[in-house]
Amino acid sequence: MHEMGIAQQLVVIALDAIPDDIKNPRVEKLNLRIGKLAAVVEHSLSFCLEMITRDTPLESAELVIEQVPVCLRCETCKHQWQTDIPAFGCPACKTGQVTMISGREIEISSIELADN
């Protein structure tokens with residue numbers, strides 16, 4: 001399950017983002033943006049995070065996931081669109097020269113700390 005590796009990296013990034021001058025920090029929310037093509041099973045990621053955040057400032061943090069749609073841009077006519085199907089030809093000019101703008105990302109959009 002690659003969600004464990006993703007969870008481990010997210011924890012490292014989140015912990016590194018907490019300022020050193022905060023005493024006994026506690027993360028209330030971990031807000032993520034995950035692309036539809038990132039192949040992440042949300043339930044598995046949540047389970048992995050729960051397991052590896054015990055006894056850390058992230059323990060019991062609420063995981064909020066924003067699903068990012070697959071957005072494409074045609075390099076020929078510059079048309080942009082969202083898709084849910086694996087047909088990556090431009091619907092406007094019918095060429096196949098497309099660039100993926102979003103849909104594969106896995107990122108922390110924000111971390112919300114508890115008031116102590």
Side-chain angles (χ1 to χ4, degrees):
M1 140 178 21
H2 78 284
E3 283 82 2
M4 182 58 82
I6 293 168
Q8 290 170 328
Q9 288 301 308
L10 290 172
V11 168
V12 168
I13 293 166
L15 292 175
D16 285 346
I18 298 172
D20 293 332
D21 62 340
I22 297 178
K23 301 292 183 217
N24 301 318
R26 188 173 61 80
V27 176
E28 283 188 343
K29 279 187 186 179
L30 182 61
N31 298 300
L32 305 178
R33 297 181 74 242
I34 299 180
K36 283 188 172 185
L37 293 182
V40 173
V41 177
E42 291 181 19
H43 177 73
S44 295
L45 179 62
S46 179
F47 176 77
C48 291
L49 281 168
E50 184 179 328
M51 294 296 106
I52 66 173
T53 58
R54 288 189 180 143
D55 301 322
T56 75
L58 290 158
E59 184 175 14
S60 300
E62 178 185 355
L63 183 63
V64 179
I65 298 175
E66 173 193 352
Q67 194 171 69
V68 180
V70 178
C71 293
L72 304 170
R73 178 183 59 236
C74 176
E75 295 305 321
T76 303
C77 72
K78 306 304 180 205
H79 176 69
Q80 292 186 17
W81 71 99
Q82 291 183 10
T83 186
D84 288 325
I85 59 172
F88 290 81
C90 178
C93 72
K94 308 299 184 219
T95 65
Q97 296 182 357
V98 297
T99 299
M100 186 176 301
I101 299 170
S102 68
R104 291 186 299 205
E105 55 272 88
I106 301 171
E107 60 189 29
I108 298 173
S109 57
S110 65
I111 299 168
E112 297 178 32
L113 298 176
D115 291 331
N116 289 337

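These figures come from a predicted structure and were not determined experimentally.
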Worked check of side chain to side chain contact (heavy atoms under 4.5 Å, CB included) between C74 and T95: CA-CA 8 Å; C74 176; T95 65; 3.4 Å; yes
Step by step, would you call Q67 with E42 a side chain to side chain contact (heavy atoms under 4.5 Å, CB included)? CA-CA 10 Å; Q67 194 171 69; E42 291 181 19; 4.0 Å; yes
Apply the test side chain to side chain contact (heavy atoms under 4.5 Å, CB included) to residues V98 and W81: give CA-CA distance (whole Å), side-chain angles for both, the deciding distance (0.1 Å), then the verdict. CA-CA 10 Å; V98 297; W81 71 99; 3.4 Å; yes
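To the nearest 0.5 angstrom, D115 atom CG is 7.0 Å from E28 atom CD. Rounded to the nearest 0.5 angstrom, I34 CD1 and I108 CD1 are separated by 10.0 Å. In this structure, CE in M4 is found 12.5 Å from NE2 in H2, a value given to the nearest 0.5 Å. Distance CD/E107 to CG/N31: 11.5 Å, rounded to 0.5 Å. Of the inter-residue distances, the one linking Q97 atom CD with E75 atom CD reads 8.0 Å to the nearest 0.5 angstrom. We find the CG-CE distance between L37 and M100 to be 5.0 Å, quoted to the nearest 0.5 Å.
In this structure, T76 and C90 have side chains that are not in contact, with every pair of non-hydrogen atoms separated by 4.5 Å or more. Side-chain contact between C71 and Q82 is present, with heavy atoms from C-beta onward closer than 4.5 Å. Side chains of H79 and C93 form no contact here, defined as non-hydrogen atoms less than 4.5 Å apart.
Tested against L72 for a side-chain contact (heavy atoms from CB on, under 4.5 Å), the candidates T83, I101, T99 yield a single pass: T83.
V64 and L45 sit in two unconnected hydrophobic clusters of ILVMFWY residues. Membership requires side-chain heavy atoms under 4.5 Å apart, directly or through other members. Note on L113: it clusters hydrophobically with L15, by side-chain heavy-atom contacts below 4.5 Å among ILVMFWY residues. Tracing side-chain contacts under 4.5 Å through hydrophobic residues (I, L, V, M, F, W, Y), one never reaches L32 starting from V68; they form parts of separate clusters. Tracing side-chain contacts under 4.5 Å through hydrophobic residues (I, L, V, M, F, W, Y), one never reaches L30 starting from V41; they form parts of separate clusters.
Here the shortest heavy-atom pairing between A39 and E3 reads O-OE2, 3.8 Å. Nearest heavy-atom pair across P69 and S102 is O-OG, 2.9 Å. The heavy-atom pair separating A61 from V27 by the smallest distance is CB-O, 3.4 Å. Closest non-hydrogen pair, A38 versus I106, comes out as CB-CG1, 3.8 Å.
Under the side-chain hydrogen bond (donor to acceptor under 3.5 Å, both in side chains) criterion, no residue pair touches residues 49-60, with sequence neighbours excluded. Residue pairs meeting the side-chain hydrogen bond (donor to acceptor under 3.5 Å, both in side chains) criterion with at least one partner in residues 9-22, sequence neighbours excluded, are absent.
Not one N or O on the side chain of E105 forms a donor-acceptor pair closer than 3.5 Å with the backbone of R33.
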